[in-house]
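Order of the sequence lines fixes the chain letters, A, B, ..., with proteins taken first and strands second; residue numbering starts at 1 for each chain.
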Protein chains: 2
Amino acid sequence: MSKPTEEIVQTLKRKQLRVTPQRFAVYANLLSRTDHPTAEQILSDLNQDAPVSSQATIYNCLQTLREVGLIREVLLEEGNCRYDANVQPHHHFRCGSCGAIADIPWQALQTIDLSHLNPDWQVSGYEVTVHGTCEACQA
Amino acid sequence: MSKPTEEIVQTLKRKQLRVTPQRFAVYANLLSRTDHPTAEQILSDLNQDAPVSSQATIYNCLQTLREVGLIREVLLEEGNCRYDANVQPHHHFRCGSCGAIADIPWQALQTIDLSHLNPDWQVSGYEVTVHGTCEACQA
DNA sequence: CTTTATCTTAGAATAGTTCTTAGTTAGGAT
DNA sequence: ATCCTAACTAAGAACTATTCTAAGATAAAG
Ligand SMILES: [Mn+2]
Ligand SMILES: [Mn+2]
Ligand SMILES: [Zn+2]
Ligand SMILES: [Zn+2]
């Protein structure tokens, strides 16, 4: 999922965003991982060698990136907002033991027919959350 | 979904819980509604006429009721934990405009085949979240 | 009735996130 | 190349949702 630097820069510019070191770092970090980190995890990852960004800026960057549709939130546990640079439709698996979240490709599950739901609703999409235990957490 | 008082009392006792006025009120309130309220909404609902419960007790009750499996959390928007007295498997519809959450009966959607997912995962269940706009929010 | 483990509560504490405000800067304009 | 400024960063304060503390109250068993 990791992209070359120049491609990331172009992606940000295409969204009319100034390419600051912090914003680049946050987006590049999210693109490089598939573990749906929290803001706090991104912060400590970026600053582990040398200070790169403040906490407030991480939150600002995440919010901005979300507003332009480059990243999205994943809400699967209380009080923990996780982020995902994969904005294509896909599903998630969550380990109830360790909290790990993994992607499930859209095509891995059959398409669900939503045509018989409440006709008053204007449906725009859906996603499936699968619950279970990951390999590492099985006794 | 509302149940007679005695039935609620018996349900709590069956779970070895002391039937306090506050705990009864929280559970009865949740049973009487299908809108997946937040702790704050339950609090103000219970106390609107006369003081019935403190904030801390609402949180305590919700946690206890969840631990014994009488209610469950519904996490569909950031920073807002909602509660549901319907603990049978079912799906949810969320209006992206007003945030309203509605139940979708389990049988309303076809069963999803999860047998071809990562075999290292021990799958225990799943649920579908449908996104869209509710009737009231359509222009 | 007594007894006591459980429960409630006000207020303090905590954690995640957002706000404020002053200084910095990316990048278009000159 | 330098200037200009709207956009951005950042430290700390503020805010909000939730949990903790510890002291008094009570459901319900005996
Ligand atoms: Mn994902
Ligand atoms: Mn529900
Ligand atoms: Zn796990
Ligand atoms: Zn709506």
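Taking atom CG of A:Leu46 as the reference point, atom C1' of D:dA10 lies 15 Å away to the nearest angstrom. One atom, CD of B:Gln41, and another, P of D:dT18, lie 11 Å apart when rounded to the nearest Å. Whole-Å rounding puts the B:Asn60 CG to D:dT18 C1' distance at 11 Å. Taking atom CD on B:Gln55 and atom C1' on D:dT18, their separation rounds to 8 Å, with Å as the unit. Rounded to whole Å, the distance from CD1 on A:Ile58 to C1' on C:dT17 is 13 Å. Distance CG (B:Leu43) to C1' (C:dT8): 14 Å, rounded to an integer number of Å.
Residues of residues 11-24 of chain B that place a heavy atom closer than 4.0 Å to DNA chain C, in numerical order, are B:Arg18, B:Thr20, B:Gln22, B:Arg23. Shown for residues 65-84 of chain B: residues whose heavy atoms fall under 4.0 angstrom of DNA chain C, namely B:Glu78.
Heavy atoms of B:Ser53 sit under 4.0 angstrom from primed sugar atoms or phosphate atoms, though from no base atom. At a threshold of 4.0 angstrom between heavy atoms, the contacts of A:Val9 with the nucleic acid are absent. At a threshold of 4.0 angstrom between heavy atoms, the contacts of A:Gln63 are confined to the sugar-phosphate backbone, with no base atom among them.
Listed nucleotides: D:dT19, C:dT17, D:dT9. Nearest to the side chain of A:Ala39: C:dT17.
A:Tyr83 is not listed as a side-chain neighbour of A:Leu65, based on a closest heavy-atom distance of 4.5 Å or more.
One finds no salt bridge joining B:Glu67 and B:Arg72 here, because no Lys/Arg side-chain nitrogen approaches an Asp/Glu carboxylate oxygen to under 4.0 Å. Between B:Arg66 and B:Glu73 there is a salt bridge, since a side-chain N of the basic residue sits under 4.0 Å from a carboxylate O of the acidic one. We find that A:Arg33 and A:Asp45 are joined by a salt bridge, their nearest charged nitrogen and carboxylate oxygen being less than 4.0 Å apart.
Residue B:His90 comes nearest to B:Gln88 through the heavy atom pair ND1-O, 2.7 Å, listed as atom of the first residue, atom of the second, then distance. Nearest heavy-atom pair, A:Thr111 versus B:Gln110, reported as atom, atom and distance to 0.1 Å: O-NE2, 3.3 Å. Residue B:Leu117 comes nearest to A:Leu109 through the heavy atom pair CD2-CD2, 4.0 Å, listed as atom of the first residue, atom of the second, then distance. When every heavy atom of B:Asp35 is checked against every heavy atom of B:Arg82, the shortest pair comes out as O-NH1, 3.7 Å. The two residues A:Gln122 and B:Gln138 make their nearest non-hydrogen contact at N-NE2, 3.4 Å.
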Next item on the list: Could you check B:His91 against B:Asp103 for side-chain hydrogen bond (donor to acceptor under 3.5 Å, both in side chains), going step by step and ending with a plain yes or no?
Entry: CA-CA 6 Å; B:His91 308 292; B:Asp103 284 342; over 6 Å; no
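Taking 4.0 angstrom as the limit, A:Ser54 places a side-chain polar atom (N or O) nearer than this to OP1 or OP2 of D:dA10. OP1 or OP2 of C:dT17 lies within a sub-4.0 Å distance of a side-chain N or O belonging to A:Tyr59.
Each end of the helix from C:dC1-D:dG30 to C:dT30-D:dA1 gets its own axis from five base pairs, and the two axes differ in direction by 30°, given to 10 degrees.
Taking the centre of each ring, A:Tyr126 and A:Trp121 stay at or above the 6.0 Å mark.
To the nearest 0.5 Å, the span separating CG on B:Leu31 from CD on B:Glu7 amounts to 9.0 Å.
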